[in-house]
Every structure is written in structure tokens, then in C-alpha cells.
Protein chains: 2
Amino acid sequence: MTEDIRREEAPGETHSGDNAVTSGRSSGKTGQIRARNKARIISAAEEVFAAKGYAGATTAEIATRAGLPKANVHYYFSTKESVYRAVIDNILDLWLEPFQRITEDDDPAEALSTYIRTKVMLSRDKPLASRIYANEIIRGAPILADYLGTDLREWVAEKSEVLRKWADKGLMDPVEPAHLLFLIWASTQHYADFQVQAKAVLHHRDLTEEDFETAVQTITRVVLKGCGVKTG
Amino acid sequence: MTEDIRREEAPGETHSGDNAVTSGRSSGKTGQIRARNKARIISAAEEVFAAKGYAGATTAEIATRAGLPKANVHYYFSTKESVYRAVIDNILDLWLEPFQRITEDDDPAEALSTYIRTKVMLSRDKPLASRIYANEIIRGAPILADYLGTDLREWVAEKSEVLRKWADKGLMDPVEPAHLLFLIWASTQHYADFQVQAKAVLHHRDLTEEDFETAVQTITRVVLKGCGVKTG
DNA sequence: TCAAATTCTGACCATATGGTCAACTTTTTT
DNA sequence: AAAAAAGTTGACCATATGGTCAGAATTTGA
């Protein structure tokens, strides 16, 4: 947005993005009302942002889902955007953590299999997070532009180096690392983002545990065999 | 939306969804104003819906992009939703056409390679269409539920049969057909939908012809080798 | 117990938005 | 040429929405 004239922050709210659920008066006992309500608001916001997108989500609906009056939501989060940023912050931690500790000394077959499985199960367990992320990227990443150009870019550079080293050792084919990661992200997140399409095509019912397991098996076998990954 | 009390339609507008650009008075000469304006509105709407999503798109912005007053947009399309449906109708034709004429008599290596290439180049040439479709699915496919449960479901059933026959003939591994199609759709559409992420990770510049070509090569090799596709 | 701090919230506000309408202009048809 | 049809559009309307505020209620700490 244009020139951002800062307005008075909601209690516990900072511009640094540190909208952690707990802050305010020190001590374990205090701040519990705040912590509980912020958690409820964020949880409700996740549902609404995932289902309606940023523009389609209303603070009234978020409040209703949180079981609070709208003015109370604004008491904790100064703007709709600050609620959204808090939601997005929670999501990013989920995104880089898998595959984070992978090194060239790991077995590629095991590392890639585990990564794919973890990503598919994240789609199963956290479909809302995936959809919110997808919505954010599709609309041009207005909030996440910095993150993409720094944290994510560095993360991909690091993991690309690991993939290259595996190829150098003859443990897998020299496939373009970044494009391989795109393929893994896209195919695994598909089960969250395009879930309504997958269920229509498969059997008109909610995806089952077996569906997700088949997804893991299919993606894993295509990627491992497709990349000529040697099993240890 | 709830009980849909039909309102008077805009000229040339029908409930059947047939909002083709040309209609009205017969003859080549008449209706040219209508055809031109509807095309401009649809083109402008594609840009706005792709960038902002359904809820974030405004009829005022669509009108501005089309170079027309807002009331004129409503002259041709009774509601924002009818503009959206016209846009979506255009997109669906793009979606099933590739791979449409594939049969078990085709060479799987060639058929799959061509399909993947066509899909990646659709992402390159029609990213807006892909993003609008993705937005629609992610928000639960309110407009496309019927299409998913009929046309798309049947299309996948047909192509799954072809993939099974190839496997029966030993031309490829017996991979779960629908899940393989999900993998191909997800990984190829990724270059349109998550384009801002891909460019941030790759080189902070618009994706180049080489990027798309690398995408084709990577996805094709992983899929063909990963599925044990025999080349003719 | 009481003061201070925090939380709560109904009412309100300014702006945005989808859509309508009447009157005018232009185009097409008779 | 004139009537009919189509196209145009500024002004307007009703509703939706993000956000504010003052006062009350509750909680916390001294």
C-alpha cells in the first residue's frame, strides 16, 4: 500500500511483525486473556482467509468465528492486514522446516522420500495453511515478497547445493535442483490447494488416508525413479 | 449465494451460460459493437480476476481496464458473477483440450511429452487463466463444482483408462493414473500460479524462455523415467 | 480494599462496492 | 427520412466493510 501512516498499535502489537500470542504484563499468570483471544482470532482467521482469500475475508466473519465482537478483534490486531500477517507468520515456519537439516551426507532416497511424505501429510493436516500461502503467491505475494527474495531463495540455494553434491557423487541424476523442488512442492501441495478437484475426480468424497498414502507412493516413486536416485 | 431471484438479463445474456461474445441481431455487420465491448470487458476481467481474485476484483476496476464506464459493463453483463462465469467458460476450453485426442494406440512417451510441453507453455502464455482457475478451486470451486464432478471427472476416467492400457501392454509402469495426472497438472501449472515465487527463487527476473524449457525438460524426464515409460 | 490496567463492546463513521435508472446519443432497420 | 433498437453514462442508491471511540466491566497488582 502507499505511504503507511502508522496508527496507534493494538496492545502487544509491534511493527516488527512479532505478534506472538503472549506479551504484555510479565509473569505466567498475566496475559492469559490476551494469549487465549489472540489464538482464537488467528485460528478463526486461518479458516476465513483459506476459504475466502484476503479480500473476501471480512473482519466481521473472523470475529464471529472467533466468538468475539468485531471491535474486540481490533483491540488485539489494529488492522485486518495485521491479523493476516500473524497468520502468514505461523505458516512460514511450517514451510522451511521440512528438509531443513538435510545435508550431503544424508541418503538421498531416504531424505527425498521423507520430505515428500512430510509435505503430503502437511497438505492433509494443514490444508488451510497451504491454501492461504497459495492465495498469497497467486495474487503476487504483496506480503511475502521479501520472504521469497531472501529466506526462501537462500533455502533453495542451500538445498540445491545438496542436490548437486548428491549428483556429483553419482547418487542421483543431475536434475535442475530448483525445478525439482518446484515439482515436489507443486505436486504435494496440490492435495491441499486443489483438494476439491482431487476429491471430485477420485470419488466425490473427502480424501481418505489411502488417497494421501497413494499420493505419497506415486510422487515418491516418480521422483526417485525419475531422478535416478540410488537407494543406499 | 442464497435463493437466486433472477433479474432481467443484459442483452445477449442467457442463464445457460452461453455468453459468447457475438449474439443479438443476425448478420455480420450488426452486433459488432456488442462483440467488441464484450471482448474488451472479458479481457480486462481476466486481468483483474487473476490479480485480485473474485472478491478482490471490482466492477469499477474491470470497467476502467476495459476503457468503459461501469454502467456499460452492467449493460452487457448483468452481474459481476456473470462476467466471471464468462471468463471461466473461456478457460475451461483450454483445460481439457490438450491430451484430449490421446488413445491407447499412441506412443506414451510422445503423448506424455507433448502433453507436458503443452501444459507448461500454457502456463507461459496463459498465466492469467491458470491463476483464475486456481483461485476458483482453492476457494472451494463454488462456480465449477458441476464441471469438476462431470466433465473433468469423465475426462480423467477416460485418460486413466488409456494410461492403464499402456501399463497393461508393458509400455509404462502401473502408476495410479489420476495421481499421475495430478502431478503433471500441479507441476506444470506451478509456473503460472506460483510464478512470483519461481522468479524470486531463480533469478529475481521474469521467467525466461530457457526457464520454461528447463521446466519442460525436468518434468518430462522425471515423469517419463519415473513411470518407466518405454520409448517407441 | 482500592487504584490501575486491561478488556470488552454497542454504536457510530467514512468509504467502498455492486447494481439501477432515466435520459441522451448512436446505430440499425424499415 | 424516420422510427426502432441498441448503446452510453453520470448520478444515484442500498448495503457492506474496515476501523474508531467512549464508557462500562473485569482483571490485576499494590
Side-chain angles (χ1 to χ4, degrees), chain A residues 1-2 4-13 21-41 45 48-49 52-85, chain B residues 1-2 4-13 21-41 45 48-49 52-85:
Chain A
M1 49 215 39
T2 57
D4 187 6
I5 300 174
R6 296 296 183 182
R7 43 142 353 134
E8 199 160 357
E9 295 161 2
E13 191 173 66
V21 166
T22 57
S23 60
R25 276 172 167 171
S26 62
S27 259
K29 189 144 177 253
T30 60
Q32 284 190 346
I33 293 178
R34 176 197 311 288
R36 189 189 75 144
N37 281 344
K38 285 182 104 173
R40 285 170 68 175
I41 293 167
V48 184
F49 285 131
K52 304 290 186 62
Y54 181 76
T58 67
T59 50
E61 189 171 356
I62 291 173
T64 300
R65 292 287 191 109
L68 298 169
K70 188 161 70 77
N72 207 4
V73 171
H74 280 285
Y75 174 74
Y76 291 104
F77 296 92
S78 51
T79 61
K80 176 181 168 182
E81 181 178 312
S82 57
V83 180
Y84 179 70
R85 282 181 180 274
Chain B
M1 50 219 34
T2 58
D4 186 7
I5 301 174
R6 297 296 183 185
R7 58 192 288 178
E8 200 160 356
E9 293 162 4
E13 192 173 64
V21 166
T22 56
S23 60
R25 278 171 166 171
S26 61
S27 261
K29 192 147 178 250
T30 59
Q32 284 188 347
I33 294 177
R34 177 195 313 285
R36 188 188 75 145
N37 282 344
K38 286 182 103 174
R40 285 168 70 174
I41 292 167
V48 184
F49 284 132
K52 304 288 185 64
Y54 181 77
T58 67
T59 50
E61 190 172 354
I62 292 172
T64 300
R65 292 288 191 108
L68 299 168
K70 188 161 70 75
N72 207 3
V73 171
H74 280 285
Y75 175 74
Y76 291 104
F77 295 93
S78 50
T79 62
K80 175 181 168 181
E81 181 179 312
S82 57
V83 182
Y84 180 71
R85 282 182 181 274

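In what follows, chains carry the letters A, B, and so on, assigned in the order in which the sequence lines appear, proteins first and then strands, with residues in each chain numbered from 1.
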What pairs with [X] under side-chain hydrogen bond (donor to acceptor under 3.5 Å, both in side chains), at least two apart in sequence or on another chain?
X       : answer
A:Lys70 : none
B:Asn72 : none
B:Lys80 : none

Using the 3.5 Å cut-off, write out each protein N or O paired with an N or O of nucleotides 16-18 of chain D and the distance between them.
residue	atom	partner	partner atom	Å
D:dG18	OP1	A:Ala57	O	3.2
D:dG18	OP1	A:Lys80	NZ	3.2
D:dG18	OP2	A:Thr59	N	3.0
D:dG18	OP2	A:Thr59	OG1	2.9
D:dG18	N7	A:Lys70	NZ	3.3

Who are the ring-ring contact (aromatic ring centres under 6.0 Å, His included) partners of B:Tyr75, not counting sequence neighbours? none

At under 4.0 Å, does any side-chain N or O of [X] touch on OP1 or OP2 of [N]?
X       : N     : value
B:Asn37 : D:dT8 : yes
A:Arg34 : C:dT6 : no
B:Tyr76 : D:dA6 : no
B:Tyr75 : D:dT8 : no

Relative to the 5' end of DNA chain D, which residue comes earlier, B:Asn72 or A:Ala71, by the nucleotide with the nearest heavy atom? B:Asn72

Send over the distance from [X] [atom1] to [N] [atom2], rounded to a whole Å.
X       : N      : atom1 : atom2 : result
A:Phe77 : C:dT9  : CZ    : P     : 17 Å
B:Lys38 : D:dT8  : NZ    : C1'   : 17 Å
A:Ile33 : D:dT27 : CD1   : C1'   : 6 Å
A:Gln32 : D:dT28 : CD    : P     : 8 Å

Taking only residues two or more places apart in sequence, or in another chain, which ones meet B:Ala71 in a side-chain contact (heavy atoms from CB on, under 4.5 Å)? none

Any side-chain heavy-atom pair from A:Ile33 and A:Asn37 closer than 4.5 angstrom? yes

